[in-house]
There are 2 protein chains.
Amino acid sequence: MKHKSFFIASENETVGEVAFRNIRADIIRGKLKPGQKLKLEKLKADYGVAVPTLREILSRLAAEEFVVAEGQRGFEVTSVSEAGLRDIAALRLLLETHALRQSIATGDLQWEARVVSSHYMLKVVETKLIDGDISQVEQWVQQDWEFHHATISACASPAMMAAHSTAFDRFLRYHMLVLDFRGKPAADEHAQLRDLVIARDAEAAIKLLTSHVESGLNHVLGTGKIPA
Amino acid sequence: MKHKSFFIASENETVGEVAFRNIRADIIRGKLKPGQKLKLEKLKADYGVAVPTLREILSRLAAEEFVVAEGQRGFEVTSVSEAGLRDIAALRLLLETHALRQSIATGDLQWEARVVSSHYMLKVVETKLIDGDISQVEQWVQQDWEFHHATISACASPAMMAAHSTAFDRFLRYHMLVLDFRGKPAADEHAQLRDLVIARDAEAAIKLLTSHVESGLNHVLGTGKIPA
DNA sequence: TTACAATATATTATCCAAAATATAAGGCAA
DNA sequence: TTGCCTTATATTTTGGATAATATATTGTAA
């Protein structure tokens with residue numbers, strides 16, 4: 001408590017935790033490219049943490065399927081493919097539709113408020129993007145995440161939420177790799193989803209969500225940037 | 001990617017990998033008790049690996065929710081509760097029914113053979129257990145795992161299979177904690193499930209699986225060994 | 001020229017020790 | 001006595017160094 005370490009204690013977080021988030025974000029954002037070998041010495045220089053700490057971080061990411069650990073040959077960023085995208089999209093949809101149905105059935109007023117407020121913030125970013133301000137893409141990804149999570153946040157199932165979170169992030173990674181916003185149709189779908197959720201129309205909401213995810217899937221594949 | 005279950009030990013694998021499986025198995029088997037603090041020095045002595053390697057292992061287990069990392073206060077075994085069991089049972093059921101439907105729709109002859117053969121092995125163990133040979137409980141857990149995985153092994157969705165694997169293992173942990181075999185009813189359900197799967201009756205199979213999991217859930221809770 | 005083997009290099013897996021931090025215990029003042 | 005501050009201990013977190021392993025390279029024989 002005498003002299004707090006300059007890097008750590010100011011935020012009460014360990015340097016390992018910070019590096020973990022940075023590396024994870026760099027994979028999702030595509031700065032660390034699919035299939036790329038993750039050499040420990042290089043990472044050590046880039047993120048400023050020691051080798052054992054890096055191994056700890058990469059092991060956690062491997063459990064989330066963001067990196068693969070190849071036996072005794074080190075780590076590399078998980079590669080992407082059309083099949084991989086379809087796979088993860090299906091998983092996301094399965095978890096999200098289930099959680100959405102539960103949320104609509106049991107959500108309270110606070111939950112509705114979360115949905116409304118997160119959609120409001122999402123819409124602001126979407127409007128900017130539609131107007132051509134491409135700098136907001138990362139902000140949009142963040143708000144998209146917040147909104148979808150808000151809609152299922154009343155499902156009262158921590159395990160389901162946790163599984164959905166990592167599935168969603170892996171799905172998002174594909175969007176970040178092609179870095180192409182779908183525009184007004186996606187924004188309209190979000191608004192409709194918000195209304196259906198508030199109206200407690202579970203079946204219509206699920207139907208919309210399904211086509212929403214599938215449209216996103218096709219949009220990403222349509223850019224031709226994802227290998228077969 | 002193979003989904004090995006938790007007892008298998010291979011020879012030219014890293015010491016870290018072996019220790020990982022041992023610790024994971026000890027948590028599932030209840031040797032490391034829910035809520036127990038995992039002191040690094042103690043683990044170091046028990047499993048014969050150094051501290052940084054242990055941190056790597058515990059981090060991976062934390063990603064699977066078998067242990068929790070409490071800020072800067074080390075690790076402890078994830079505690080159990082009735083709500084936790086219901087939660088994880090629901091997740092298992094959601095993933096398994098979905099994968100089962102897909103498998104039944106697209107499975108080939110080899111898949112049917114896997115189902116039949118794994119059920120045969122399961123039945124042998126179940127018969128011994130029903131006859132009172134309690135020493136076979138761990139073997140039963142292993143075969144139960146193999147059988148259920150065989151039924152969904154044709155779903156062609158790696159992400160779904162991976163998610164199901166960890167959910168299933170967490171569900172299994174509760175069974176191991178109460179260490180009480182449900183007996184003939186469970187064995188009968190397995191046999192029926194095998195027949196329905198081979199007959200490609202998806203809806204009936206899913207209905208049976210659902211009641212199978214729910215019966216297991218109630219059986220575990222009925223022992224009174226799981227805190228509220 | 002090609003295939004194989006042996007060496008050399010690069011990279012990883014592991015361990016030990018030091019620094020930082022939290023927890024417990026003890027002493028002092030109110 | 002009780003509460004709080006200080007000191008001491010236990011535990012965790014991190015960095016650096018060493019041993020083990022895989023990959024690349026080179027040379028030699030068929």
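Throughout, protein chains are lettered first and strands after them, A, B, ... in sequence-line order, and every chain is numbered starting at 1.
With rounding to whole Å, B:Lys39 atom NZ is found 13 Å from D:dT9 atom C1'. The nearest whole Å value for the distance from the CG atom in A:Leu40 to the P atom in D:dA19 is 19 Å. As rounded to whole Å, 20 Å separates atom C1' of D:dG15 from atom OH of A:Tyr47.
Counting all heavy atoms, side chain and backbone alike, B:Ile226 lies closest to B:Ser81 at CG2-C, 3.6 Å.
Shown here are the ring-ring contact (aromatic ring centres under 6.0 Å, His included) partners of A:His98, two or more places apart in sequence or in another chain: there are none. With sequence neighbours left out, B:His148 forms a ring-ring contact (aromatic ring centres under 6.0 Å, His included) with B:Phe168, B:His190, B:His212. Every residue two or more places apart in sequence or in another chain that forms a salt bridge (Lys or Arg N to Asp or Glu O under 4.0 Å) with A:Glu82 is listed here: A:Arg86. With sequence neighbours left out, the side-chain hydrogen bond (donor to acceptor under 3.5 Å, both in side chains) criterion links A:Asn22 to no other residue.
Counting heavy atoms from C-beta outward, B:Phe75 and B:Lys39 have side chains that stay 4.5 Å or more apart.
Counting non-hydrogen atoms under 4.0 angstrom, B:Leu54 reaches nothing in the nucleic acid.
Under 4.0 Å is where a charged nitrogen must lie from a carboxylate oxygen, and between B:Asp46 and B:Lys42 at least one such pair does.
In this structure, B:Thr78 contributes its side chain and B:Glu65 its backbone to a donor-acceptor pair below 3.5 Å.
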Every protein N/O within reach of nucleotides 14-19 of chain C N/O, cut-off under 3.5 Å:
residue, atom, partner, partner atom, Å
C:dT14, OP1, B:Val15, N, 2.9
C:dT14, OP1, B:Gly16, N, 3.1
C:dC15, OP2, B:Ala50, N, 2.9

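Rounded to 10 degrees, the angle between the two end axes of the helix from C:dT1-D:dA30 to C:dA30-D:dT1 is 10°, with five pairs used at each end.
Not one side-chain nitrogen or oxygen of B:Arg73 sits closer than 4.0 Å to the OP1 or OP2 atom of D:dT11.
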